[in-house]
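Inspection log for the structure reproduced underneath, given as structure tokens.
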Amino acid sequence: DTMTTLLKRGVKLINEVDAGLPEIQADSSRLFQVLVNLIGNAIRFTSKGHIKLWARLDDSGARPSVQLMVTDTGIGIPSDRLDKIFGAYEQVDATTTRKYGGTGLGLSLVKELVEAHHGRVGVKSE
């Protein structure tokens, strides 16, 4: 079970979803898949610290939208790989694949689903 795994590692899962967030129109199964992939990656690469799910209303543009973010205290991504991680079958390197597993398809799928809903997806790593 995922929560047991996180507890054993000492990783906290933190919900930072604004209480007053309005209902959004989206394909709920696709939105769920996006969140599963993003949070799943955070779980896979975070051995201690925390994983946060953020959701905020962004009304700075012409049309209000909801901004979703998953942040973690995981291993990070080298700056020279940031532009590649949303490509199909992309992984940081072979050592990461051997140690953490995965196919390199999760973030590619996230990008496709988000863009199909006229959204944007990005990454920052420190």
Side-chain angles (χ1 to χ4, degrees):
D1 155 85
T2 303
M3 288 308 292
T4 303
T5 302
L6 292 174
L7 288 171
K8 284 181 184 176
R9 289 191 217 159
V11 176
K12 293 180 183 175
L13 187 57
I14 302 168
N15 176 350
E16 290 281 339
V17 176
D18 283 350
L21 201 61
E23 187 173 315
I24 61 171
Q25 292 184 337
D27 181 329
S28 61
S29 64
R30 301 292 186 246
L31 179 58
F32 181 75
Q33 186 64 55
V34 165
L35 291 172
V36 164
N37 287 356
L38 293 175
I39 293 170
N41 269 16
I43 290 169
R44 184 178 301 130
F45 296 107
T46 304
S47 61
K48 61 184 176 184
H50 66 269
I51 298 166
K52 285 185 187 179
L53 171 63
W54 303 74
R56 302 238 184 318
L57 180 63
D58 180 1
D59 56 3
S60 62
R63 188 173 162 200
S65 62
V66 173
Q67 182 181 38
L68 298 171
M69 280 191 300
V70 175
T71 62
D72 62 63
T73 54
I75 64 172
I77 303 165
S79 59
D80 64 330
R81 300 293 298 162
L82 289 174
D83 62 336
K84 301 196 181 338
I85 66 164
F86 292 105
Y89 301 105
E90 287 291 333
Q91 300 213 338
V92 171
D93 62 35
T95 351
T96 304
T97 304
R98 282 193 301 275
K99 184 173 181 179
Y100 297 99
T103 61
L105 290 173
L107 293 179
S108 174
L109 179 60
V110 164
K111 185 177 189 321
E112 284 185 36
L113 292 173
V114 168
E115 289 178 353
H117 283 81
H118 309 288
R120 294 182 319 258
V121 64
V123 61
K124 291 181 187 176
S125 186
E126 298 175 2

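We use all heavy atoms of the structure for the numbers below, so side chains are in, but hydrogens, waters and symmetry mates are not.
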(request) List the steps, then state whether side-chain contact (heavy atoms from CB on, under 4.5 Å) holds for N37 with Q33. (result) CA-CA 6 Å; N37 287 356; Q33 186 64 55; 2.9 Å; yes
Does the [X] side chain pair with the main chain of [Y], one donor and one acceptor, at a distance under 3.5 Å?
| X | Y | value |
| --- | --- | --- |
| R56 | M69 | no |
| D18 | G20 | no |
| S47 | R9 | no |
| S125 | G76 | no |

Point-to-point distance, once rounded to the nearest 0.5 Å, from [atom1] of [X] to [atom2] of [Y]:
| X | Y | atom1 | atom2 | result |
| --- | --- | --- | --- | --- |
| K84 | I77 | NZ | CD1 | 13.0 Å |
| L68 | L38 | CG | CG | 8.5 Å |
| L13 | I43 | CG | CD1 | 6.5 Å |
| I51 | F45 | CD1 | CZ | 11.5 Å |
| S60 | Q67 | OG | CD | 8.5 Å |
| T4 | K8 | OG1 | NZ | 6.5 Å |

Please answer: with hydrophobic residues joined when any side-chain heavy atoms are less than 4.5 Å apart, are [X] and [Y] in the same cluster?
| X | Y | value |
| --- | --- | --- |
| L57 | V17 | yes |
| I39 | W54 | no |
| L6 | V36 | no |
| F32 | L109 | no |

(request) Check L31, V34, V121 against L113 for a side chain to side chain contact (heavy atoms under 4.5 Å, CB included) and give me the one that passes. (result)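 Only match with L113 under side chain to side chain contact (heavy atoms under 4.5 Å, CB included): V34.
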(request) For residues A55 and L21, report the shortest heavy-atom separation together with the two atoms involved. (result)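 The answer is CB-CD2, 3.7 Å.
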